[in-house]
Every structure is written in C-alpha cells, then in structure tokens.
Engineer: 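Got a structure for you, written out below as structure tokens; questions coming shortly.
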Amino acid sequence: MTLEVANPATGAVVARLPADDAASVAAKSQRARQGARRWSATPLTERIEALRRFRSLAQSQSEALARILTTEVGKPLAQSRNELKGLLARLDFFIAEAPSVLAEEAVHSEPDGALEERISREPLGVVANISAWNYPWFVGSNVFVPALLAGNAVLYKPSEHASLTGLEIARLFAESGVPEDAFVPVIGAGETGGALVAQPVDGIFFTGSVATGRRIAQAAAGRMVKLQLELGGKDPVYVCEDVDIARAAASVADGAFYTTGQSCCSVERIYVHASIFERFVEAFVAEVRGYRIGDPMDESTYIGPLARAAQIEVLQRQVDDALAKGARLLAGGRRLARPGNWFEPTVLVDVDHSMAVMREESFGPVIGLMPAADDGQAIELMNDTPYGLTAGVFTAERERARRILARVNAGSVYWNCCDRVSPRLPWSGVGDSGIGLTLSRAGIEAFTRPKAWHLRDRC
Ligand code: NAD
C-alpha cells in the first residue's frame, strides 16, 4: 500500500510512503511486545537520558522539523515553530516529574515491621497511540513521552496527514537510543488504524474526532484494555460587559482563528453580553479582516490552508445552513479560488442553536457570535452541547468568572484567555469530548498499572 502526502497549500503531492497493511501491523505489534520487555527492564534513569537526547535533537533540528510540519499540514510556519518550542516545555515537565510519579511508594508500615504496604507503578505493556494531524508534536508527545518514560513500548500511528512528521519523530527516538522495537511507527490511514486497534495491545490511546473515537470504542469493547479517547469540542467563550472590548476581541479572535481554527480547543462559539454585542462584533470583525492569509511558509502568514480538502465542504455546508436559517455574514463565507484547501476567515451573526455552525465542530476558520442577556443565559448556552472540552469567560471580575466557570461542563476552563494547554494541568473532556486524560502528573500515571504489595517479614 502507498500513502500519498499532499501539500495542502498547493495540492501538490510531496511524498509517497509505503503504508502498513494488516500483516505488517501484526508483525510490528509482535516486535513491540519484545520491545516492551526490554524497555521496561531499562532503568528509569536511562529512559530519561534517552528522552533528554530526544529533546536536544528536537531543539537543534526544530527549524527543519517546523518546515516539514508546514509542508504536510499547512500550518503557518510561525505556528509550526511555536509547536516545536512548546514541545520542549512538555518534555521538560514530563522528564522532571517522572521520577517522583513512577517511584515506588510506602503507604503503610507497622511499628514492629511485621507488615508493610507499598504501591509500585508497572508499565501497561504495549500501547497503541493513534493520533491526529493538527498538533502532531503536541498531541503525540502527550501520549508517547509519558508512555515511554513509564516503560511501555509504543505503536505510534500518526495521522495520514502528518506521516512525515511521524517518521521524523521515530527517527529522533532511534537516534536518541530508544530501541526501534520500543517506539514503532505505523503508517497509513483509517484502515491501518483499524488493524492496529485489532492487535493484542494493552492500551489504546486515541486523539481525533468523535466519530472515529466511537468506532474505536466499539472495536475495543469486550477486551480488557485501557482505552483513552481525546476527542473534539464545540468550545464556547462568553464575553461580559465589563471587559476592554478591543483587547478581548483580539484575544477571542486569536482563540478562534489560530491554526486556521484547527485546534481541538479552538473557540467555536462566542456569546457576548447583549449590552456590548454590537461594539464587540465591530472590533472582532476588524481584527479578523486584518489577518494575513497566504503561503504558510511565509513567516508573516496567520491564516493558512485547511489540512484536509474534505473539510471545505463541511464548512460550506455549515455556512449555507446558517444563512438559510437567517444568519448574516460579516466576513468570508466561501472557499478561496486557488489551488489547495483554502477557506476565507468567516464571521456570522444572527445565529442560534438550530444551526449546525453553533452545534457541530467546525474545525476551520468559521465562527458564530450570539448575544446573551445575562450570565445565566450565557451558562445555559455554553452548556447546550454534547461536548465539553474547554470554555472561557472574559470579565474584569475574578469572582464572577469563578461563579460562571464552576457551572460550565468542560474539562478545562479559562478566565481572560482561551485556546491554551499547559503540561502541568490535566487535559480531559466531558461528554463527547472523550474519556481519560493526558498531561499533568496524572497523565504520567495514566500509562501505568498500580501494583499493591502486602509484605510481612514473617508468616
Ligand atoms: P480523525 O478521527 O479523522 O483521525 C484521527 C486518527 O484516527 C488518524 O490517525 C486516522 O488515520 C485514525 N483513524 C481513522 N479511522 C480509524 C479507524 N476506523 N480505526 C482506527 N483509527 C482510525 O481525526 P483528525 O481529523 O485527525 O483530527 C481532528 C479531530 O481531532 C477533531 O475533532 C479535533 O477536535 C480532535 N482533536 C482532539 C484533541 C484533544 O486533545 N481532545 C486534540 C487534537 C485533535
């Protein structure tokens, strides 16, 4: 099988890669089983050293890696560089925390030494990591870095839209001294992912859409394997009337349009206190009209192409549905007439929750803004979704933000910021946004199985 890699900015094919079929996936899975034995027996200090070398290679080669990412995903170069820079901070966090999280713990001991109770953290074994394309270094490293530190072997399937990056990740691990059977890339699209899920692995860690997440959950049902799903969102922001309108508009617009709206935590719905709605919309549209659209290899580009051609149709359907139901277009609304996958930054008002644009993940540069009469109505609107990844509130008052955010169903909540992820905090979703978590100290524990030790020095 062959996988074609196309540049989303031009449509040109930039690489043809050999893809895995069911037989080669099974062979890789067997290799990873051997790798897991060897790697788990490697002392943690040596595993950490290998990860440090990985960090140093990623740092010294970051410009070339950023360019590969931009070529295959279409992410504007400045944003690809940011992702590589952010990777280093994640590695630092995991490397610093792993020894204490993974250390064996004495939880009870009787004074005469007759009974001791301890907890050790065993690796799961072989984990399958099926990943998304939008932040391959981030969402990948949230899984494979703590998995490797904890002593697991990883079968890593990058998205078919980020396979060149996936192969670079594998190369860097091999050069860092991680055995090639402990980190094994699996290349291909959905069919290859399906074959990977069918292997006798000990954990399945997936990042992607809710539709694929459901398919994987069904395929894994009945098997006693750990399953984590990091899925999509329809993340809301609510802007209160006490904000600095220009600053809030710039910040929320960045949350909606950064990476051309293709972050899992992109702002996807905006509610604004009715008393400032018109002024906020005016500032927001001015901000969006100022975005530079163009060649993602140009350092000053802010809006690039969509990674996947098929998403153009999804966005067009959402815009047409909204307009047919009475929405008003204040910017954009159509694909850009040029080769590649381009869609204009699009702003809609007079929207409501009967419209797909306010209910279904857009995952592109399209946003709807709606007035809210008061905080109570804003909370109701924010919670009117099957998703729950992130939610943000912009207000001058910390207590007001706390009151509102405490009532919002989301894994991460933001006051006066949005579209932000920290390695120190758990990353998780409510409802259709997924199950399980990555990042934080708990995101290292997630790749271990606690073993309970009951020890008596005599019987
Ligand atoms: P996707 O679901 O199309 O693909 C994700 C991965 O699943 C790819 O590697 C793909 O090849 C694989 N796959 C497809 N069908 C499969 C099957 N039947 N069995 C096994 N694997 C299969 O998602 P995408 O387009 O790569 O990513 C975009 C989505 O990911 C958005 O919904 C976004 O919100 C979400 N996302 C979530 C997070 C998070 O942390 N919650 C992070 C990034 C992206």
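Only heavy atoms go into these numbers, but all of them, side chains included; no hydrogens, no water, no symmetry mates.
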Engineer: Give a yes or no on this: more than 12 heavy atoms of other residues, nucleotides or ligands lie within 6.0 Å of atom CZ of R223.
Structural biologist: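 Yes.
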Engineer: Are the charged groups of R214 and D432 less than 4.0 angstrom apart, N to O?
Structural biologist: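 Counted as a salt bridge, because a side-chain N and a carboxylate O are separated by less than 4.0 Å.
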Engineer: Could you check whether R308 and Q311, counting side-chain N and O atoms only, form a donor-acceptor pair closer than 3.5 Å?
Structural biologist: yes
Engineer: Roughly how far apart are T71 OG1 and L164 CG, rounded to 0.5 Å?
Structural biologist: 8.0 Å
Engineer: Checking ring-ring contact (aromatic ring centres under 6.0 Å, His included) for the pair F144/F205: CA distance, chi angles, key distance, verdict?
Structural biologist: CA-CA 9 Å; F144 56 62; F205 294 78; over 10 Å; no
Engineer: Would I293 and T301 satisfy side chain to side chain contact (heavy atoms under 4.5 Å, CB included), going step by step from the backbone distance to the final call?
Structural biologist: CA-CA 6 Å; I293 308 168; T301 291; over 6 Å; no
Engineer: List the steps and the verdict of salt bridge (charged side-chain N to carboxylate O under 4.0 Å, His left out) for R403 and D375.
Structural biologist: CA-CA 10 Å; R403 270 198 311 276; D375 295 359; 5.1 Å; no
Engineer: How about Y291 and Y302: are their ring centroids closer than 6.0 Å?
Structural biologist: yes
Engineer: Looking at E63 and R81, is there a salt bridge between them, counting it only when a charged N and a carboxylate O are closer than 4.0 Å?
Structural biologist: yes
Engineer: Charged N to carboxylate O under 4.0 angstrom, D202 versus K226?
Structural biologist: no
Engineer: Can you list the steps and then say if S131 with S159 is a side chain to side chain donor-acceptor pair (under 3.5 Å)?
Structural biologist: CA-CA 6 Å; S131 205; S159 161; over 6 Å; no
Engineer: Between the side chains of K75 and E83, is the shortest nitrogen-to-carboxylate-oxygen separation below 4.0 Å, so that they form an ion pair?
Structural biologist: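 A salt bridge is present here (some side-chain N lies under 4.0 Å from a carboxylate O).
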Engineer: For C418 versus V237, what's the shortest heavy-atom pair and its separation?
Structural biologist: CB-CG2, 4.2 Å
Engineer: Please round to the nearest 0.5 Å and tell me the distance separating atom CG of L330 and atom CZ of F284.
Structural biologist: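 L330 CG to F284 CZ: 10.0 Å, rounded to 0.5 Å.
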Engineer: For the pair E4 (side chain) and V13 (backbone), establish whether a donor and an acceptor sit closer than 3.5 Å, ignoring hydrogens and angles.
Structural biologist: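 Such a contact is absent between E4 side chain and V13 backbone.
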Engineer: Is it the case that over 12 heavy atoms from other parts of the model lie below 6.0 angstrom from the CZ atom of R407?
Structural biologist: no
Engineer: Please determine whether a side-chain nitrogen of the Lys or Arg among R279 and E282 lies less than 4.0 Å from a carboxylate oxygen of the Asp or Glu.
Structural biologist: no
Engineer: If we ignore hydrogens and angles and just use 3.5 Å, is the side chain of W415 paired with the main-chain N or O of L405 as donor and acceptor?
Structural biologist: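 Flag not set: sc W415 to bb L405 has no pair under 3.5 Å.
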Engineer: Does the salt bridge (charged side-chain N to carboxylate O under 4.0 Å, His left out) test come out yes or no for K157 and E191, once each step is laid out?
Structural biologist: CA-CA 11 Å; K157 198 198 87 57; E191 201 183 320; over 6 Å; no
Engineer: Does the pair L389 and W427 meet the rule for a side chain to side chain contact (heavy atoms under 4.5 Å, CB included), with working shown?
Structural biologist: CA-CA 8 Å; L389 195 56; W427 185 249; 4.1 Å; yes
Engineer: Using only heavy-atom distances, determine whether the side chains of Y258 and S266 contain a donor-acceptor pair under 3.5 Å.
Structural biologist: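 Side-chain D/A pair, Y258 to S266: absent.
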Engineer: Closer than 4.0 angstrom, basic N to acidic O: yes or no for D321 and K325?
Structural biologist: yes
Engineer: T438 and E230: side-chain donor and acceptor closer than 3.5 Å?
Structural biologist: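 T438 vs E230: donor-acceptor pair found between side chains.
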Engineer: Charged N to carboxylate O under 4.0 angstrom, R441 versus E445?
Structural biologist: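 Looking at E445 together with R441, the answer is no, because their closest N to O distance does not fall below 4.0 Å.
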Engineer: Could you please spell out the steps behind the side chain to side chain contact (heavy atoms under 4.5 Å, CB included) verdict for S422 and F93?
Structural biologist: CA-CA 10 Å; S422 162; F93 171 81; over 6 Å; no
Engineer: Where do L381 and M370 come nearest, in terms of heavy atoms and distance?
Structural biologist: CD2-CE, 3.9 Å
Engineer: If you compare all heavy atoms of P99 against all heavy atoms of A96, which two are closest, and at what distance to 0.1 Å?
Structural biologist: CD-O, 3.6 Å
Engineer: For E344, run the side chain to side chain contact (heavy atoms under 4.5 Å, CB included) check against L336, I303, L315 and tell me which one passes.
Structural biologist: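 Among L336, I303, L315, the one that satisfies the side chain to side chain contact (heavy atoms under 4.5 Å, CB included) with E344 is L336.
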Engineer: Please step through ring-ring contact (aromatic ring centres under 6.0 Å, His included) for the pair F183 and Y156, ending with a clear verdict.
Structural biologist: CA-CA 7 Å; F183 185 87; Y156 175 61; 5.6 Å; yes
Engineer: Could you check whether the rings of W133 and H161 sit parallel, tilted or perpendicular, using 30° and 60° as the cut-offs?
Structural biologist: perpendicular
Engineer: Whether R67 and E299 form a salt bridge (side-chain N of Lys/Arg under 4.0 Å from carboxylate O of Asp/Glu) is what I want to check.
Structural biologist: no
Engineer: Would you say the side-chain atoms of N142 and R90 include a donor-acceptor pair closer than 3.5 Å?
Structural biologist: yes
Engineer: Evaluate side chain to side chain donor-acceptor pair (under 3.5 Å) for Q318 paired with S362, printing each intermediate quantity in order.
Structural biologist: CA-CA 8 Å; Q318 288 193 353; S362 303; 2.6 Å; yes
Engineer: Less than 3.5 Å apart, any donor N or O on the side chain of D352 or S354 sitting next to an acceptor on the other?
Structural biologist: yes
Engineer: When D384 is tested against each of K234, H353, R269 for side chain to side chain donor-acceptor pair (under 3.5 Å), which residue passes?
Structural biologist: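 So the option named by the test is H353.
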Engineer: Any chance you could lay out the side chain to side chain contact (heavy atoms under 4.5 Å, CB included) test for T192 and V186, step after step, and finish with the verdict?
Structural biologist: CA-CA 8 Å; T192 307; V186 174; 3.5 Å; yes
Engineer: Just wondering, more than 12 heavy atoms not from R171 lying within 6.0 Å of its CZ?
Structural biologist: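 Yes, the 6.0 Å shell around CZ holds more than 12 heavy atoms from other groups.
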Engineer: Do T448 and E122 have side-chain atoms, one donor and one acceptor, less than 3.5 Å apart?
Structural biologist: no
